[in-house]
Structures are given as C-alpha cells and as structure tokens.
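Structure, as structure tokens:
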Amino acid sequence: MIDIRRLDRDRLEPAYGVAGQRLLPWPALNAPFEGAWCVLRAGTESTPHSHHEYEIFIAVSGTATVVVDEARHPFAAGDIVRLPPGSTHRLVNDGPDDFEYYGLWWDHEMSATFLARHEADRR
C-alpha cells in the first residue's frame with residue numbers, strides 16, 4: 001500500500017519569506033528527515049538564515065539565485081544544492097515567474113529518533 005500526500009496550493013503557509021507546505025506531520029511517514037514544498041514568488045527573496053541542520057534544496061520549476069554566505073549561484077529547475085550546517089543562506093527570485101523547490105533537512109537527533117523507531121518496529 002502507498003500513501004500520496006497531495007500538495008494544497010490554497011493552504012501554503014509563510015515561513016522564511018516563502019510560501020510552503022510542510023511534509024510533517026504525516027503519521028504514515030517514518031523518515032530521518034523533514035521537508036517542505038516551497039514557492040518563492042516572483043520578485044521576492046527568502047529571509048536570510050542559518051541553522052544546525054543539514055539541508056538540500058531540489059529546484060522543481062523556474063529559476064532563482066541561491067546566496068550562501070554572500071556568494072551568489074544560479075539555481076534552476078533540475079538543480080540540487082547542498083547547504084552546510086551554519087551557512088547563512090537565502091534565495092532570490094528576480095524573474096517574472098514563481099520559483100518552486102523542495103527543501104529537505106535533517107540533523108543527528110532526527111536520525112537517532114528514526115533509528116530508535118525503526119529498531120523498536122523490528123522487535
């Protein structure tokens with residue numbers, strides 16, 4: 001059996017200057033990471049921030065610029081960027097269309113919690 005989590009574009013919530021839908025809570029999902037579908041509106045930029053988690057962005061549609069520790073890099077559909085923990089990062093969308101991407105993040109605690117749940121399920 002599979003579960004399909006549907007994107008609800010009418011219920012995207014703001015976070016870090018983008019509109020998004022969080023992956024969790026999703027009771028059926030047992031994963032060592034969290035994630036969110038994100039939409040960066042045309043002519044806007046996300047809020048610069050840093051955190052302890054590891055993070056990747058997977059560009060789905062459109063183009064943007066990813067700025068990491070003030071170094072600017074083109075970022076387009078099909079690209080994946082890895083953001084090291086502690087790096088200050090933001091996305092800039094100077095284009096006429098929305099930029100959509102999926103963000104995934106994880107840390108040691110999430111991994112340990114996943115492993116503990118997985119081990120408990122095996123017993």
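The chain is numbered in sequence order, starting from 1. Worth knowing before you read on, the calculation uses all heavy atoms, side chains too, and leaves out hydrogens, waters and symmetry mates.
A heavy-atom distance below 4.5 Å is found between the side chains of Arg9 and Leu7. Between Gln21 and Arg5, the closest side-chain pair of non-hydrogen atoms falls below 4.5 Å. When side chains are defined from C-beta on, Met110 counts as touching Glu53, because their heavy atoms get closer than 4.5 Å. Side-chain contact between Val67 and Thr88 is absent, with no heavy-atom pair separated by less than 4.5 Å. In this structure, the side chains of Thr65 and Phe75 stay at 4.5 Å or more apart for every pair of heavy atoms. Two residues are said to be in side-chain contact when any heavy atoms from C-beta on lie closer than 4.5 Å; Phe57 and Tyr102 fail this criterion. Val39 places none of its side-chain heavy atoms less than 4.5 Å from the side chain of Phe99.
Phe33 and Tyr101 fall into different hydrophobic clusters, where Ile, Leu, Val, Met, Phe, Trp and Tyr residues are linked whenever their side-chain heavy atoms come under 4.5 Å apart, directly or through other members. Leu83 and Ile56 fall into different hydrophobic clusters, where Ile, Leu, Val, Met, Phe, Trp and Tyr residues are linked whenever their side-chain heavy atoms come under 4.5 Å apart, directly or through other members. Under the 4.5 Å side-chain heavy-atom criterion for ILVMFWY residues, no single connected hydrophobic cluster contains both Leu91 and Trp37.
When the shell of 6.0 Å around NE2 of His108 is examined, it contains 12 or fewer heavy atoms from other residues, nucleotides or ligands. Residue-environment remark: OH (Tyr54) stays at or below the threshold of 12 foreign heavy atoms within 6.0 Å. Counting heavy-atom neighbours within 6.0 Å of Tyr16 OH, excluding the residue itself, gives a total of 12 or less.
Using a distance-only test at 3.5 Å, with no hydrogens or angles considered, a donor-acceptor pair links the side chain of Thr113 to the main chain of Glu109. Under a 3.5 Å cut-off, the side chain of Asp98 and the backbone N or O of Ala42 do form a donor-acceptor pair. Within the 3.5 Å criterion, the main-chain N or O of Asp97 finds a donor-acceptor partner in the side chain of Asn93.
Applying the side-chain contact (heavy atoms from CB on, under 4.5 Å) test to Leu29 and every residue at least two apart in sequence or in another chain returns Leu23, Leu24, Trp26, Ala31. Residues satisfying the side chain to side chain donor-acceptor pair (under 3.5 Å) test with Arg72, not counting sequence neighbours, are none.
Thr63 OG1 to Leu40 CG: the interatomic distance, rounded to the nearest 0.5 Å, is 10.5 Å. Arg22 CZ to Leu12 CG: the interatomic distance, rounded to the nearest 0.5 Å, is 13.5 Å. Residue Arg90 holds its CZ atom at 13.5 Å from OG of Ser50, rounded to the nearest 0.5 Å.
Glu100 has no carboxylate O lying under 4.0 Å from a charged side-chain N of Arg41, or vice versa, which leaves the two without a salt bridge.
Taking the centre of each ring, His89 and His51 come in below the 6.0 Å mark.
Of all non-hydrogen atoms in Ala77 and Ser61, the two that sit nearest each other are CB-CA, 3.8 Å.
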